[in-house]
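Note sheet for the following structure.
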Amino acid sequence: MADYHYREAKGADASAPLLFVFHGTGGDENQFFELGSQLLAGARIIAPRGDVSEGGALHYFRRTAEGVYDMDDLRQRTAQMKAFVEARIAESTPSAVIGLGYSNGANMLASVQFAAPALFDASVLMHPLIPFAPPEADFAGHQVLITAGQHDPICPAPASQALADYFRAQGAQMSLYWHAGGHELRQEELRETRTFLAPFAR
C-alpha cells in the first residue's frame, strides 16, 4: 500500500464522520484542510498530498496534456488512493465517510468512487472533469454534490452535466449546483457544500 504525505485533524470521537479533502492542481494538503473543519465541524479530516509533479505543480495522477489523462497511471494511482482511504477508515469507526475534491482532486475522488462505489457515503466534486465514460456502478443510497461554473474553460459545462447524469443513472442521490463563473471556487458553492454536509454533522 502506498503511503501519502497527509495532514490530519482528529475528530470529536472515534465515531466522528471522516472527511477526506483532495486539493486542486498546484495545491497541497493545506489547501482545504482548514476549510474541511469549517464545512463539517467535529469531523476527522484527512488531507492527502498528490504525489505527481507536473511542472512543479502537484497532481494526483499524470496527464499527457490539458484534459488528457494517462489512463494507465490513473488506474494505478486510483488503486493506490483506494488503499490509502481504506487504511484510514480502518483506524476508527466513522459514522460516515465523505470525500471532497476540487479540480484535479475532484477527478481523483471520482475515479476512486468509480472503482469502489461503496467506499464513500457522500462526495462533493467541485469542478470535476471526467473525459472518459465511467463504468457501470451501483451508487444507490449514496449522495453526490457536483458544483460547477457555467463558463468554466477547464471543465466545460456539458462535461459537468454528463457526470451528474451518470451518477443519477447509477442510482445516486445527485445534486448539481451551478454558479455563473468559471473554474474559480465561489462563496455560494461553499455555502451549498455546507448545507449538503450538514446532515452528517455530529
Side-chain angles (χ1 to χ4, degrees), residues 1-24 27-50 60 78-102 105-128 134 137-147 163-164 166-168 170-177 185 187-202:
M1 184 198 75
D3 193 18
Y4 286 89
H5 181 88
Y6 66 97
R7 284 188 69 184
E8 176 178 6
K10 299 296 184 182
D13 53 50
S15 64
L18 175 53
L19 177 61
F20 290 87
V21 292
F22 300 91
H23 63 78
D28 61 18
E29 68 278 12
N30 300 304
Q31 186 176 23
F32 295 122
F33 185 74
E34 299 298 337
L35 178 63
S37 296
Q38 295 169 20
L39 293 173
L40 191 57
R44 179 185 175 202
I45 311 295
I46 300 287
R49 177 195 296 174
Y60 288 103
T78 295
Q80 173 181 316
M81 184 62 76
K82 175 178 174 287
F84 172 80
V85 169
E86 289 171 337
R88 303 289 78 75
I89 292 172
E91 294 168 347
S92 59
T93 54
S95 57
V97 179
I98 305 159
L100 181 150
Y102 167 64
N107 302 336
M108 182 80 262
L109 173 56
S111 186
V112 173
Q113 288 185 272
F114 302 154
L119 198 56
F120 293 93
D121 298 295
S123 63
V124 180
L125 303 171
M126 297 175 160
H127 303 260
D138 182 6
F139 285 101
H142 298 266
Q143 299 179 47
V144 179
L145 170 65
I146 293 177
T147 67
L163 185 59
Y166 161 81
F167 276 113
R168 191 172 289 112
Q170 308 306 312
Q173 299 174 44
M174 177 66 229
S175 300
L176 176 57
Y177 179 81
L185 284 177
Q187 285 300 315
E188 57 263 38
E189 65 188 291
L190 295 179
R191 288 195 296 269
E192 191 74 13
T193 298
R194 186 177 291 108
T195 299
F196 176 80
L197 295 177
F200 299 100
R202 297 294 303 277

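For the single chain, residues carry numbers from 1 onward in sequence order. Predicted model only: the values in this text are computed from it and were never measured.
In this structure, His23 has its ring center under 6.0 Å from that of Tyr60.
Residues passing the salt bridge (charged side-chain N to carboxylate O under 4.0 Å, His left out) test with Arg191: none are found, sequence neighbours excluded.
The pair Glu189-Arg194 fails the salt-bridge criterion, with no side-chain N (NZ, NE, NH1 or NH2) lying under 4.0 Å from an Asp/Glu carboxylate O. Between Glu91 and Arg44 a salt bridge is recorded (basic side-chain N to carboxylate O distance below 4.0 Å).
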(message) Working note: Phe114 + Tyr166, criterion side-chain contact (heavy atoms from CB on, under 4.5 Å); need CA distance, chi angles, decisive distance, verdict.
(response) CA-CA 11 Å; Phe114 302 154; Tyr166 161 81; 3.5 Å; yes
(request) Evaluate side-chain contact (heavy atoms from CB on, under 4.5 Å) for Arg88 paired with Phe20, printing each intermediate quantity in order. (result) CA-CA 10 Å; Arg88 303 289 78 75; Phe20 290 87; 3.7 Å; yes
(message) Let's go through Val21 and Leu35 carefully: what are the C-alpha distance in whole Å and the side-chain angles of both, what is the deciding distance for side-chain contact (heavy atoms from CB on, under 4.5 Å) to 0.1 Å, and is it a yes or a no?
(response) CA-CA 9 Å; Val21 292; Leu35 178 63; over 6 Å; no
(request) Apply side-chain contact (heavy atoms from CB on, under 4.5 Å) to Gln173 and Val144, showing your working. (result) CA-CA 6 Å; Gln173 299 174 44; Val144 179; over 6 Å; no
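Closest approach of Phe84 and Pro48 over heavy atoms only: CE2-CB, 3.8 Å. Between Ala106 and Gly101, the shortest heavy-atom distance links the atoms CB-O, 3.3 Å. The two residues Leu19 and Ala43 make their nearest non-hydrogen contact at CB-CB, 4.5 Å.
When only modelled atom types and interatomic distance are considered, Tyr177 and Glu188 share no side-chain donor-acceptor pair under 3.5 Å. With no hydrogens or angles considered, no side-chain donor-acceptor pair links Ser95 and Ser15 at under 3.5 Å.
Here the side chains of Ile45 and Phe32 are not in contact, with every heavy-atom distance at 4.5 Å or above. Residues His142 and Phe167 have side chains not in contact (no heavy-atom distance under 4.5 Å, counting atoms from C-beta outward). In this structure, the side chains of Gln143 and Phe196 come closer than 4.5 Å at one or more pairs of heavy atoms. Counting heavy atoms from C-beta on, the side chains of Leu119 and Lys82 come closer than 4.5 Å. Between Tyr4 and Met81, the closest side-chain pair of non-hydrogen atoms falls below 4.5 Å. Residues Arg7 and Ile46 have side chains not in contact (no heavy-atom distance under 4.5 Å, counting atoms from C-beta outward). Within the 4.5 Å cutoff, no side-chain heavy atoms of Arg168 are placed close to those of Phe139. By the 4.5 Å heavy-atom criterion applied to side chains, Thr78 and Ser111 are counted as neighbours.
Separation of atoms NE2 (His127) and CG (Leu125) is listed at 11.5 Å; rounding is to 0.5 Å. Atoms CG and CG, from Leu100 and Leu40 in turn, are 10.0 Å apart once rounded to the nearest 0.5 Å. In this structure, CG on Leu197 lies 12.5 Å from CD on Gln38, to the nearest 0.5 angstrom.
Checking side-chain atoms of Asp28 against main-chain N and O of Arg49 turns up no donor-acceptor pair under 3.5 Å. Side-chain atoms of Gln170 come within 3.5 Å of backbone N or O of Ala137 as a donor-acceptor pair.
The side-chain contact (heavy atoms from CB on, under 4.5 Å) test with Ser123 singles out one residue from Ile146, Leu109, Ile98, Leu145, and that residue is Leu109.
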